[in-house]
Amino acid sequence: MCGIVAAIAQRDVVPILLEGLRRLEYRGYDSAGLAVQQDGALHLCKAVGKVAALTERTLHEKTAGPIGIAHTRWATHGEVTEANAHPHVSKRVAVVHNGIIENYASIREELKQQGYVFVSDTDTEVIAHLIDAELGRRDSLLAAVQAAVARFRGAYGLAVTDAENPDELIVARMGSPLVLGLGIGENFAASDVAALVSVTQQVVYLQEGDIARLRRDAVSIFDADGQAVQREPH
Ligand code: GLU
């Protein structure tokens, strides 16, 4: 279980995501990746090995955007390869995940029967496809993520971005830590407060089962029953 950083801002968030990942390097990891969205399109960048290799790729590919998610992976399901590195994508949705989805195999079979094609050996890829499937049945990204996580057994900290929702990010946790960082006109999330110290001094620790919607000017938190809740900033 390694690291997650997510950001929604007016400015390019790639330097923020990479700096956050660098501050999580002490935890150990085998690969890294990020996804940003800009003008309705998702841009992905992944690298096996160090965050420095990912940084070089983002510079080379001129990856930039005002909303994004990033990850350092410690492989539990599938080899250490670029295909297995996060984020994992399903059409318009990209996901990063720390932890293990224990019942992924049965959900994977179900999604395959619906026509979803899997390109990795990870448990995580079912999260992306299930959220995409739920988006077809629900009226918001938040509702789709709520419906998807209700199906999972195991542990997850996750961050989700949807190219058709350029003004919000969704994060969720169960059995893996996740903290929100509050800014002015920008908001953040990470698996460890260390990733956020260069962008904010104000953090909110999510509790087990919480799902949060981050917009540039507001953060809303819901408990596992879908009730809006307040969590004290620190
Ligand atoms: N189980 C996922 C994988 O193997 C996530 C591992 C992690 O926590 O980094 O890709």
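None of the values given here were measured: they were computed from a predicted structure. Read the numbers this way: they start at 1 and go in the same order the structure lists the ligands and their atoms.
Using bins of under 30°, 30° to 60° and over 60° for the plane-to-plane angle, the ring pair His129/Tyr116 lands in the tilted bin.
A donor atom on one side chain and an acceptor atom on the other are not found under 3.5 Å apart for His77 and Asn84.
A salt bridge (Lys or Arg N to Asp or Glu O under 4.0 Å) check over residues 157-181, counting only residues at least two apart or in different chains, returns the pairs Arg92-Asp162, Arg92-Glu164, Asp167-Arg216, Glu168-Arg215, Arg173-Glu208. Sorted by first and then second residue, the salt bridge (Lys or Arg N to Asp or Glu O under 4.0 Å) pairs with a member in residues 55-77 read Arg57-Glu82; sequence neighbours excluded.
Not a single N or O atom of Ala75, backbone or side chain, sits closer than 3.5 Å to an N or O atom of ligand 1.
Salt-bridge annotation for Glu25 and Arg22: absent, with no side-chain N of the basic residue lying under 4.0 Å from a carboxylate O of the acidic one.
Close approach of ligand 1 to Asp123 is summarised as follows: ligand atoms under 4.0 Å from at least one heavy atom of the residue are 1 (N), 2 (C), 3 (C), 4 (O). Every atom of ligand 1 with a heavy atom of Cys2 under 4.0 Å away is listed here by number and element: 8 (O), 9 (O). Within the listing of ligand 1, atoms 10 (O) sit less than 4.0 angstrom from a heavy atom of Thr122. Near His86, meaning under 4.0 Å from one of its heavy atoms, ligand 1 places the atoms 2 (C), 3 (C), 5 (C), 10 (O). Contact atoms of ligand 1 toward His71: 9 (O) (distance under 4.0 Å to a heavy atom of the residue). Near Asn98, meaning under 4.0 Å from one of its heavy atoms, ligand 1 places the atoms 8 (O), 9 (O).
When the heavy-atom distances from atom 7 (C) of ligand 1 to Tyr104, Trp74, Tyr156, Tyr29 are ranked, the shortest goes to Trp74.
Closest approach of Val160 to Ile131, counting heavy atoms only: CG2-CD1, 3.8 Å.
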